[in-house]
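Quantities reported herein were computed from a predicted structural model and do not represent experimental measurements. Index from 1, following the sequence.
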Amino acid sequence: MADDNDKVEVTEEPAQATRGVRKTRSGVVVSRSGDKTVVVRGERRLPHPVYGKVVRRFKKYHCHDEKNECQVGDTVEIVECRPLSKMKRWRVTAKLAAAK
């Protein structure tokens, strides 16, 4: 039989502790494709797996631009969102720098 002194307290964190945290990226607008849609090229730098040199990798994100304010060449910040169309899963949140 177990004594009262043998009680063990179990503390569990909620399984969905990271819910509501969305990914953010920044990149350059490379295309305006249709109404309220821009294509943003994101860049990430990582070491080459064999040679160790830092290489740049690019990825294009189709983003929702609600106010149609972004132009080609602008640097913008984007955030992950629900699917808005076949390709759009990101939203433009801020315009960091205007095109030169």
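- By the criterion of side-chain heavy atoms lying less than 4.5 angstrom apart, applied directly or through intervening Ile, Leu, Val, Met, Phe, Trp or Tyr residues, Val76 is not grouped with Val39; the two fall into different hydrophobic clusters.
- For Cys81 against Leu84, the heavy-atom pair with the smallest separation is SG-CD1, 3.8 Å.
- Between Val30 and Val72, every side-chain heavy-atom pair lies at or beyond the 4.5 Å cut-off.
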Enumerate donor-acceptor pairs with a distance under 3.5 Å from any side-chain N or O in residues 93-100 to protein atoms, sequence neighbours excluded.
{"from": "Thr93", "atom 1": "OG1", "to": "Glu77", "atom 2": "O", "distance (Å)": "3.1"}
{"from": "Thr93", "atom 1": "OG1", "to": "Glu77", "atom 2": "OE1", "distance (Å)": "3.2"}
{"from": "Lys95", "atom 1": "NZ", "to": "Glu69", "atom 2": "O", "distance (Å)": "3.4"}
{"from": "Lys95", "atom 1": "NZ", "to": "Asp74", "atom 2": "OD2", "distance (Å)": "3.3"}

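- Minimum interatomic distance between Lys23 and Trp90 (heavy atoms only, all atoms of both residues): O-CZ3, 3.5 Å.
- In this structure, Cys70 and Val92 approach most closely via the heavy-atom pair SG-CG1, 3.9 Å.
- Using a 4.5 Å cut-off on side-chain heavy atoms (C-beta onward), Asn68 and Asp35 make contact.
- With rounding to the nearest 0.5 angstrom, the NE2 atom of His64 is 13.5 Å from the CD1 atom of Ile78.
- Checked against side-chain hydrogen bond (donor to acceptor under 3.5 Å, both in side chains), Arg22 has no partners two or more places apart in sequence or in another chain.
- Remark: Lys88 NZ to Lys36 NZ distance equals 8.5 Å, nearest 0.5 Å.
- The CZ atom of Arg91 sits 15.5 Å away from the OH atom of Tyr61 when rounded to the nearest 0.5 Å.
- Within the structure, ring pair (Phe, Tyr, Trp, His ring centres under 6.0 Å) contacts touching residues 33-53 (residues at least two apart or in different chains) are His48-Tyr51.
- Using a 4.5 Å cut-off on side-chain heavy atoms (C-beta onward), Arg32 and Gln71 make contact.
- Salt bridge annotation for Glu43-Arg41: absent, with no cationic side-chain nitrogen under 4.0 angstrom from a carboxylate oxygen.
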